[in-house]
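Please read the structure below before turning to the comments.
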Amino acid sequence: MLNVNLKLLIFLNIFYFLLQVCGSVILGVSIWIRVSKGAQQVNVCSHTRTILFAGADLLIAVGSIIMVLGFLGCCGAIKESRCMLLLFFIGLLLILILQVTAGILGAVYKSQVEKYLSKSLQEAVSSLQSSTEESKAFQEKFQKFERENKCCGLLNGPADWGKNFNTASRSNKVCECEQDSQSTDLCIRYQNRYIYK
């Protein structure tokens, strides 16, 4: 009997330890995403930045909760504390309820989310085609984003720029491929010049 209980205790502690390690990894990666230089440079669209940071903040919360649950489970199993194990069970039950609720809400509001994202992208495309001062600031940030990620446009490639496609920002034209990249698979020929795909 003691041998079976000992094996069960070892198995549970390994499980709780792995749970805590997973929580630590999620927490560490999400904090790194939140404070990384790349995330700070995503100023292209305020909606994109908000969504990125909301996702990172959610992962920080999830990682913290998983770490706490792993600790409660591990200590509760070692000390045979009913209180800690009950808190662990309640935490797991709440996570299950939240996952089911999130799944149902995701299925119900899928079309609204798609409409919102489509509207946000259309607003960004309108900003690319506009000639106001506010739009020019957005266009410069977006051109920097395109150069760093070697891409062009949001929805329809270079057509998203409209009449602004042939305008130059500082020394670069919109979506222009660098000289050393023109022979690679990154570039295509569009309106008599090489641009990123």
Side-chain angles (χ1 to χ4, degrees), residues 25-65 98-99 101-197:
V25 169
I26 291 170
L27 183 63
V29 169
S30 55
I31 289 173
W32 176 74
I33 289 171
R34 185 71 164 93
V35 299
S36 70
K37 183 180 175 188
Q40 301 302 324
Q41 290 179 348
V42 181
N43 290 325
V44 173
C45 181
S46 61
H47 299 299
T48 306
R49 185 181 176 106
T50 303
I51 291 169
L52 174 72
F53 284 162
D57 292 342
L58 180 66
L59 283 175
I60 289 171
V62 167
S64 301
I65 291 169
L98 287 173
Q99 284 180 337
T101 304
I104 291 170
L105 289 175
V108 170
Y109 291 108
K110 180 182 176 187
S111 61
Q112 281 104 338
V113 171
E114 288 174 350
K115 286 179 188 175
Y116 173 76
L117 289 175
S118 177
K119 182 182 174 188
S120 296
L121 287 174
Q122 288 297 337
E123 288 173 3
V125 168
S126 297
S127 293
L128 291 178
Q129 296 174 354
S130 178
S131 58
T132 64
E133 286 302 315
E134 183 179 305
S135 296
K136 287 183 182 182
F138 171 76
Q139 290 167 7
E140 288 203 16
K141 290 177 185 176
F142 193 72
Q143 282 182 336
K144 182 180 178 187
F145 178 80
E146 287 178 328
R147 279 192 301 276
E148 289 175 358
N149 293 290
K150 299 183 182 352
C151 61
C152 184
L154 281 169
L155 297 174
N156 303 312
D160 290 342
W161 284 92
K163 294 177 184 176
N164 291 333
F165 179 73
N166 289 317
T167 60
S169 162
R170 296 183 186 165
S171 62
N172 295 332
K173 288 189 174 180
V174 173
C175 300
E176 188 169 41
C177 257
E178 297 169 7
Q179 291 292 330
D180 57 344
S181 302
Q182 289 183 0
S183 62
T184 66
D185 292 334
L186 294 173
C187 303
I188 58 171
R189 192 143 178 85
Y190 182 82
Q191 292 188 5
N192 296 324
R193 63 187 175 99
Y194 283 101
I195 62 165
Y196 290 115
K197 290 183 181 178

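This structure is a prediction, so every number in the text was calculated from the model and none was measured.
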CH2 on Trp161 to CD1 on Ile195, rounded to 0.5 Å: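 Between atom CD1 of Ile195 and atom CH2 of Trp161 there are 11.5 Å.
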
Rounded distance (nearest 0.5 Å) linking atom OG of Ser118 with atom CD of Glu123: 10.0 Å

Exercise: identify the closest heavy-atom pair between Ile188 and Tyr196: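 Result for this residue pair: CG1-O, 4.5 Å.
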
Considering all heavy atoms, the nearest Asp160-Leu128 contact: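 Scanning both residues, the minimum pair turns out to be O-CB, 3.7 Å.
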
Residue pairs, two or more places apart or on separate chains, that pass disulfide (SG to SG under 2.5 Å) and touch residues 108-161: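 Checked against disulfide (SG to SG under 2.5 Å) - neighbours excluded - the pairs reaching residues 108-161 are Cys152-Cys175.
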
Pairs where residues 108-144 contributes a residue and the test disulfide (SG to SG under 2.5 Å) is met, not counting sequence neighbours: none

For Ile60, side-chain contact (heavy atoms from CB on, under 4.5 Å) partners two or more places apart: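 So Ile60 forms a side-chain contact (heavy atoms from CB on, under 4.5 Å) with Leu27, Ser30, Ile31, Arg34, Asp57, Ser64.
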
Donor-acceptor under 3.5 Å (Gln129 side chain, Lys163 main chain): no

Under 3.5 Å: donor-acceptor pair, side chain of Ser120, backbone of Tyr116: yes

